[in-house]
Number of protein chains: 2
Amino acid sequence: MSETNTKSRRLKHKEDLKRKILEVAKELFLKHGYESISIRKIADKIGISPTTIYLYYQDKSDVIYALHQEGFKMLSSHFAVLRNVEEPFERLKAMGRSYIEFAIENRDFYELMFIMREPIEFVNKNYACEWEEGGAAFEALLVTVADCKAKGYFKQADLHAMSLYVWATIHGICSLKLQGHLDHVVNAHFPEKEQQLSLEKAFDTLIFILKSIQ
Amino acid sequence: MSETNTKSRRLKHKEDLKRKILEVAKELFLKHGYESISIRKIADKIGISPTTIYLYYQDKSDVIYALHQEGFKMLSSHFAVLRNVEEPFERLKAMGRSYIEFAIENRDFYELMFIMREPIEFVNKNYACEWEEGGAAFEALLVTVADCKAKGYFKQADLHAMSLYVWATIHGICSLKLQGHLDHVVNAHFPEKEQQLSLEKAFDTLIFILKSIQ
DNA sequence: TTTAAAATATTAACACTGTTAATTATATTT
DNA sequence: AAATATAATTAACAGTGTTAATATTTTAAA
C-alpha cells in the first residue's frame, strides 16, 4: 500500500514539474515573446538546472509544441459557445470575427499556431495521423460551411474548396496584420480616413462577397 | 587625378565587398535556409574576419534587409510583363497566379518578404516614409482593381478594401501552404482525390467568387 | 621619401544559445 | 544497511551576435 503511495507521489511530482516547466515557458513567452524562451531561462526561473528539463521534455521544440497545444485548447474554448448560433451564415460570420479576435488578443499564440513552421512540423513528425486539437478547429468550419450550403448558400462552390478559401482569407488578414506587413502599405496607399479600420473593411468585403454569391 | 582614381578604386572595393557579403549571405540562404545565415559563416566563406562585416552592414538585420530588398526586386521583375495584359480582370487573375507561382518557387524569399516580422520592422524603423520596392507591388494591384472597377467589376465594393481583400486571400493561401499548415488539415479532412490540388481549388474559388459579384 | 593621419581589418572577449556525457545526490527496494 | 534505480547536477562542446582594443594597410601632407 505504501509502495503504491510513494509511486504515485513520485509520479505526481514528475507531472507537477513537467507542468511547472510549461507554465514558466508560457510566462516567458507571454511577457517577452517567443524569442526569449530559452531552456536556461526557464530553468533559472524554477531554480533547477537546465539539463533537468531534458528529463521531462525531449528537447526545446517539445516544450514549444506543448505551448502550441495550449493555444489550440484556448482557441477551441474561444469558439465553443458559437455552436449555439443556429443560423449557419450567422455562425460563419461569428466564427470569422472570433478568429480575428483571437488572433489580435493572442498574437504570440497565433504566430505559434498558424504562422511558425517549427511547431507544426513537430506535429507532422510525431503525430502524423491524428492531431485532435488542430482537426477539431477545421472540422467546425467545415460543418458550418456545409450547413450554409444546406440552406442554399454557396450553391455552386465545392465544400472543401470553399472552407479552405474562407480560412485562407481570414488567416491572410490576420497574418498580414500581426506580422506588421500591413502598416506600411496602408499608410502609403490608403486615404487617411480609411487607414484605421482597414482590417475590418477587408473582413466586411469577405462577408459582402459571401452574401452576394448566394 | 590619381587622387580621384585611388579614391574611386577604394570606393569600388568597398562596394564590391559589400556586394560579396550579400552574395554569400544569399547563397547560404538559398542552400540551407534562413536559419543558417550567420555572420561567422559568411565571413568564413569569403575569407574575412566576422567583425569586418560590421564595417559594411550595421548589424545582421541589415544584411537580412538587403536580402529582403533583393526579393522585392525579383518579384517586381516577375510581375513586369503583366502590364501588357490589357483586360483588367484577366490581368488580376494573372497577377494572382504569378504571385502564387513566385511564392512556391521562392519560398524562402517569400517568407522573408511577407511572413517574417524582422525585415519589415527594419523597414518601418529605417525607411518609415518611403519604401519604393514594397510600395510598387501593392500599387500594381491597386491600379488593376481600379481598372476592373472602371470596366464594371466589383461595382459595390470599395477600391482599397477590395485590393486588401484580394491580397490577403492569396497571401493566406500561400502562407498556409508554405508554412506547412495545410498538409495535415487536407490529409485529415479532404476526400483523397481533392487532396492534391487543394491550393489551386482555393484560388479558383476566389476567381469564381470575383466573377460572380460582377 | 619619410612621416602623420585616416581607413580598414583583425584578435580577444562577453554574454548568450541548445544539447550531451559523465558524475553526484536522492529515494526506493532488497 | 547495502544495492539499485531514479533524479538532478556539473562540465563541456560547438555554436550565435556583437563590441572594444589593437594591428595593419593605404592615403595625404611635410
Side-chain angles (χ1 to χ4, degrees), chain A residues 1-22 24-25 28-29 31-67 116-119 121-122 125, chain B residues 1-22 24-25 28-29 31-67 116-119 121-122 125:
Chain A
M1 193 60 194
S2 82
E3 183 191 283
T4 50
N5 260 339
T6 51
K7 257 188 185 170
S8 69
R9 189 157 36 86
R10 284 175 62 117
L11 202 72
K12 193 184 172 302
H13 168 74
K14 277 199 78 165
E15 278 165 3
D16 279 353
L17 189 43
K18 182 157 189 175
R19 203 174 13 251
K20 180 74 184 172
I21 291 166
L22 180 59
V24 172
L28 281 168
F29 177 57
K31 254 192 196 148
H32 309 103
Y34 177 82
E35 304 265 291
S36 75
I37 306 174
S38 103
I39 297 290
R40 283 176 158 90
K41 276 185 204 153
I42 296 170
D44 278 359
K45 258 196 178 293
I46 303 178
I48 59 176
S49 150
T51 50
T52 302
I53 290 172
Y54 288 85
L55 301 172
Y56 298 87
Y57 293 90
Q58 55 180 102
D59 54 21
K60 188 183 174 178
S61 70
D62 197 5
V63 180
I64 301 298
Y65 167 70
L67 275 176
M116 294 186 64
R117 228 162 36 206
E118 258 198 293
E121 271 168 6
F122 189 92
K125 284 210 170 166
Chain B
M1 193 60 194
S2 80
E3 182 193 283
T4 50
N5 260 339
T6 52
K7 256 189 186 171
S8 69
R9 189 156 37 85
R10 283 175 63 115
L11 203 72
K12 192 182 174 302
H13 168 75
K14 276 200 78 164
E15 277 165 5
D16 279 353
L17 190 43
K18 182 158 189 175
R19 200 169 20 246
K20 180 75 183 169
I21 292 166
L22 179 59
V24 171
L28 282 168
F29 177 56
K31 254 190 197 149
H32 308 105
Y34 177 82
E35 304 265 290
S36 74
I37 306 174
S38 102
I39 297 291
R40 281 176 159 91
K41 277 186 204 152
I42 297 169
D44 277 359
K45 258 196 180 293
I46 304 178
I48 58 175
S49 150
T51 48
T52 302
I53 290 171
Y54 288 84
L55 301 173
Y56 297 87
Y57 293 91
Q58 57 181 98
D59 55 21
K60 187 182 174 179
S61 70
D62 197 6
V63 180
I64 301 299
Y65 167 70
L67 275 175
M116 295 185 62
R117 226 161 37 205
E118 257 199 295
E121 271 168 6
F122 189 92
K125 283 211 170 167

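In what follows, chains carry the letters A, B, and so on, assigned in the order in which the sequence lines appear, proteins first and then strands, with residues in each chain numbered from 1.
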Sequence neighbours excluded - salt bridge (Lys or Arg N to Asp or Glu O under 4.0 Å) pairs with any residue from residues 42-51 of chain A: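 As it turns out, the salt bridge (Lys or Arg N to Asp or Glu O under 4.0 Å) pairs with a partner in residues 42-51 of chain A, which skip direct neighbours, are A:E27-A:K45.
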[X] has an atom [atom1]; how far is it from atom [atom2] of [N], in whole Å?
| X | N | atom1 | atom2 | result |
| --- | --- | --- | --- | --- |
| A:L17 | D:dA8 | CG | C1' | 10 Å |
| B:D62 | D:dT18 | CG | P | 10 Å |
| A:D59 | C:dT17 | CG | P | 17 Å |
| A:K60 | D:dT16 | NZ | P | 16 Å |

Least distance between heavy atoms, A:L67 atom then A:L22 atom: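 So the minimum-distance heavy-atom pair works out to N-CD1, 3.8 Å.
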Nearest atoms (heavy-atom pairs only) where B:K41 meets B:S36: NZ-O, 3.4 Å
Approximate separation, where rounding is to 0.5 Å, of A:Y34 OH and B:R117 CZ: 12.0 Å
Salt bridge (charged side-chain N to carboxylate O under 4.0 Å, His left out) partner of A:D16, chosen from A:R19, A:K20, A:K18: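 The salt bridge (charged side-chain N to carboxylate O under 4.0 Å, His left out) with A:D16 is passed solely by A:R19 among A:R19, A:K20, A:K18.
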From B:I48, B:V24, B:L17, B:D59, residue fulfilling side chain to side chain contact (heavy atoms under 4.5 Å, CB included) relative to B:I53: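 Answer after filtering B:I48, B:V24, B:L17, B:D59: B:I48.
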Name of the residue among A:I39, A:L55, A:I46 meeting side chain to side chain contact (heavy atoms under 4.5 Å, CB included) with A:I21: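 Only one of A:I39, A:L55, A:I46 forms a side chain to side chain contact (heavy atoms under 4.5 Å, CB included) with A:I21, namely A:I46.
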Donor-acceptor pair, side chain of A:K60 and main chain of A:I37, under 3.5 angstrom: yes
Proximity to DNA chain C (any heavy atom under 4.0 Å), residues of residues 33-49 of chain B only: B:R40, B:I48, B:S49
Positions of residues 50-58 of chain B (non-hydrogen atom under 4.0 Å from DNA chain D), listed by number: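 Here the set is B:T51, B:Y54.
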